[in-house]
Amino acid sequence: MGKTMTRREFVRASAAAGLAAAVPGSLAGAAASGAERRVRGVAPLPGAPAVHVRGPARPVVIASENGGRFRNGGPQTCVEKAFSMIVEGRDVLDAVIAGVNIVELDPEDTSVGYGGLPNADGVVQLDASCMHGPKKRAGAVAALEGVRTPSLVAKAVADYTDHHLLAGKGAQDFARALGFTIEDDLNTERSRRLWLEWKQRMDPQRWLDPDSDARKPPTGSRPPEFYERALEAGRSMVRDGLVPEGSFWGTINCNGIGPNGDICGVTSTSGLAWKIPGRVGDSPILGAGLYVDNDVGAAGSTGRGEANLFNLSSFLIVEAMRRGAHPKDAGMEALRRIKANTVERRLLNSRGNPNFNIRFFVLDKLGRWAGVAMYRSGETKFAICTENGSSAPELEPLLEGSPDD
């Protein structure tokens, strides 16, 4: 009887077969000839090295940590699913979205999709964006309620409309018109229980023991410090181990490059846990939570969305790679920009550094990749899948210690 193949061996074998079928000559030809072509787009800054691409890259899929962990009861993680589809010759955007769907549908991940941590009113509102490098298409949705897979609605925006972003009820009506199932409530028992715990911590004078008749929702005007208390209540749950840091800030990002060099990406999130209803973070905003240029590369993010929005960090990273930066160096440039622009006392720790974490997952046209973070804290790894199988490398931090130091 033959030896049972491990998951890593299966991924490696599938990749080898897919690569041989898809580009047996183009990769070898590029390596043999050494033919180079300059990345098109904005001209390099004076004195900056020109970016050159040596033929098509080998397929790679990169994602945030949850992209290499959750399976929703199936055999593959997000990065494994996306990679297997890419080497089978499927469209790269379809592949990375199919991978992200695994996490969106998994109720064990409380940072995205079904069972994502809700807003302050207990309602799950989802954001997502996607970009198709070769087709130069993009689509996004924000504050979408009732659809477990907002990444697919974002792709529908790109495919069926002249718009890039639909929000709120309009996004839901659009999804309904295209036949998406609309549910009344995307909470699970777990996400609802965590929301109730947050309410009790945030407003203990009015949100009491669940069995008490005195437990009533907040009414009337809210004091100015309401949202500061709300944020601190959430942070306390992270410190107490009730909510993973990654779930508190939400989000999955997944980017991939195919054997012909096509690059696509997707980001999906339930957003900041217990956010102000209607809050939109960086995930559905092109250039912030996601940016793809098929001639250069892709970047996406998890962590504090407001910091990413203010700096349009994913766009900044791709432009740094256009000027010749390695993915790691481009990601570090974005982190330094965020650090320099974080000046409010409420956002600084005792060392004068940002009191939050943010992470970037970066892929360039050569198939080089990097995962970087403000701190190696909380989620310290990210997910990669290549022909050698899937792995979870360590994030490279800009700063030592943690956000709370």
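In this chain, residues are counted from 1 in sequence order.
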Worksheet item: Got a sec, which residues hit side chain to side chain donor-acceptor pair (under 3.5 Å) with D91, two or more places apart in sequence or on another chain?
Response: H132
Worksheet item: Any side-chain heavy atom of R58 within less than 4.5 Å of one from T386?
Response: no
Practice prompt. Would you check if E394 and T380 make a side-chain contact, meaning some heavy-atom pair closer than 4.5 Å?
Written response: yes
Worksheet item: How many angstroms lie between atom CG of L366 and atom CZ of R368, to the nearest 0.5 angstrom?
Response: 5.0 Å
Discussion item. Is it the case that over 12 heavy atoms from other parts of the model lie below 6.0 angstrom from the NZ atom of K328?
Written reply: no
Worksheet item: Counting distance only, does the side-chain N/O of R359 pair as donor-acceptor with the main-chain N or O of E379 below 3.5 Å?
Response: yes
Fill in: Nearest-0.5 Å distance, CZ of residue F361 to OG of residue S314
10.0 Å
Worksheet entry | Spacing of S377 atom OG and E400 atom CD [to the nearest 0.5 Å] | 11.5 Å
Discussion item. Under the rule for side chain to side chain donor-acceptor pair (under 3.5 Å), what residues qualify as partners of R345, not counting sequence neighbours?
Written reply: none
Worksheet entry | Partners passing ring pair (Phe, Tyr, Trp, His ring centres under 6.0 Å) against F70 (at least two apart in sequence or in another chain) | none
Worksheet item: Taking all non-hydrogen atoms of both residues, which atom of T149 and which atom of F180 are closest, and how far apart?
Response: OG1-CE2, 4.4 Å
Worksheet entry | Closest heavy-atom pair and its distance - N355, N349 | CB-N, 3.9 Å
Worksheet item: How far apart are the closest heavy atoms of P284 and A140, and which atoms are they?
Response: O-CB, 3.2 Å
Worksheet entry | N-O pairing of R322 and E319 below 4.0 Å | yes
Fill in: Contacts of type salt bridge (charged side-chain N to carboxylate O under 4.0 Å, His left out), residue K169, not counting sequence neighbours
D173
Item to complete: Indicate yes or no for a side-chain donor-acceptor contact from K365 to the backbone of G261 under 3.5 Å, with no hydrogens or angles considered.
Response: yes
Item to complete: Examine distances only and state if a side-chain atom of W369 and a backbone atom of D364 form a donor-acceptor pair shorter than 3.5 Å.
Response: no
Practice prompt. Quick one: do N308 and S301 satisfy side chain to side chain donor-acceptor pair (under 3.5 Å)? Show the steps, please.
Written response: CA-CA 8 Å; N308 203 7; S301 178; 3.3 Å; yes
Worksheet item: Around D240, counting heavy atoms of other residues, nucleotides and ligands shown, do more than 12 lie under 6.0 Å from its CG?
Response: yes
Discussion item. Taking A307's backbone N and O only, do any of them form a donor-acceptor pair with N311's side chain (distance below 3.5 Å, no angle check)?
Written reply: yes
Worksheet item: Does the pair I285 and L165 meet the rule for a side chain to side chain contact (heavy atoms under 4.5 Å, CB included), with working shown?
Response: CA-CA 8 Å; I285 306 303; L165 175 63; 4.2 Å; yes
Worksheet entry | Contacts of type side chain to side chain donor-acceptor pair (under 3.5 Å), residue S402, not counting sequence neighbours | D405
Item to complete: For E189, check side chain to side chain donor-acceptor pair (under 3.5 Å) against everything at least two apart and list the hits.
Response: none
Fill in: For the student: nearest non-hydrogen atoms of V280 and A142, plus distance
CG2-CB, 3.8 Å
Worksheet item: Does Q125 offer a backbone N or O that forms a donor-acceptor pair with the side chain of K275 under 3.5 Å?
Response: yes
Item to complete: I would like to know whether L242 and W198 meet side chain to side chain contact (heavy atoms under 4.5 Å, CB included); could you show each step before the answer?
Response: CA-CA 10 Å; L242 295 176; W198 170 78; over 6 Å; no
Worksheet entry | Donor-acceptor pair, side chain of T110 and main chain of S191, under 3.5 angstrom | no
Worksheet entry | Side chain N294, main chain G133, donor-acceptor under 3.5 Å | no
Fill in: From CA spacing to verdict: side chain to side chain donor-acceptor pair (under 3.5 Å), N253, T302
CA-CA 7 Å; N253 167 249; T302 68; over 6 Å; no
Discussion item. Within the structure provided, determine whether I384 and V60 are in side-chain contact (heavy-atom separation under 4.5 Å).
Written reply: yes
Worksheet item: To the nearest 0.5 Å, what is the distance between CG (L395) and CE (M374)?
Response: 12.5 Å
Practice prompt. Determine the minimum heavy-atom distance between L93 and M131, stating which atoms define it.
Written response: CD1-O, 4.0 Å
Discussion item. If we check salt bridge (charged side-chain N to carboxylate O under 4.0 Å, His left out) with E232, which of these qualifies: R239, R346, R201?
Written reply: R239
Worksheet entry | Non-hydrogen side-chain atoms of N255 and V96 separated by less than 4.5 Å | no
Worksheet entry | Sub-4.5 Å side-chain heavy-atom contact between C130 and S268 | no
Worksheet entry | Check against side chain to side chain contact (heavy atoms under 4.5 Å, CB included), I263 and V92 | CA-CA 7 Å; I263 305 173; V92 176; over 6 Å; no
Response to the item:
Residue set satisfying salt bridge (charged side-chain N to carboxylate O under 4.0 Å, His left out) with K155, at least two apart, ordered chain then number -> D94, D159
Worksheet item: For residues 133-179, which residue pairs qualify under ring pair (Phe, Tyr, Trp, His ring centres under 6.0 Å), counting only residues two or more places apart or in two chains?
Response: none
Worksheet item: How close do D121 and P277 get, heavy atom to heavy atom, and via which atoms?
Response: OD2-CG, 3.2 Å
Worksheet item: Which ring pair (Phe, Tyr, Trp, His ring centres under 6.0 Å) pairs, counting each pair once, include a residue from residues 308-347, with sequence neighbours left out?
Response: Y291-F315
Worksheet item: Any side-chain heavy atom of E104 within less than 4.5 Å of one from L126?
Response: no
Worksheet item: Judged by atom type as modelled, is there a donor-acceptor pair below 3.5 Å linking the side chain of N119 to the main-chain atoms of W274?
Response: no
Discussion item. Are T342 and L348 packed together at the side-chain level, in the sense that at least one heavy-atom pair is separated by less than 4.5 angstrom?
Written reply: yes
Worksheet entry | Set of salt bridge (charged side-chain N to carboxylate O under 4.0 Å, His left out) partners for R69, sequence neighbours left out | E65
Discussion item. List the residues meeting salt bridge (charged side-chain N to carboxylate O under 4.0 Å, His left out) with D185, not counting sequence neighbours, and say none if there are none.
Written reply: R192
Item to complete: Give, for atom CG of N353 and atom CG of L398, the distance between the pair rounded to the nearest 0.5 Å.
Response: 8.5 Å
Worksheet item: Hey, is CZ on R90 packed in by over 12 heavy atoms from elsewhere, all under 6.0 Å?
Response: no
Item to complete: Could I get the full list of side chain to side chain contact (heavy atoms under 4.5 Å, CB included) partners for A98, not counting sequence neighbours?
Response: K81, M85
Discussion item. Could you tell me if the side chain of V100 sits less than 4.5 Å from the side chain of C78, heavy atoms only?
Written reply: yes
Worksheet item: Just by modelled atom types, is the I97 backbone N or O under 3.5 Å from a matching donor or acceptor in the N101 side chain?
Response: yes
Discussion item. Checking the side chain of N357 only, and the main-chain atoms of Y375 only, is there a donor and an acceptor separated by less than 3.5 Å?
Written reply: yes
Worksheet item: If you measure from CD1 on I358 to CD1 on I338, what distance do you get to the nearest 0.5 Å?
Response: 4.0 Å
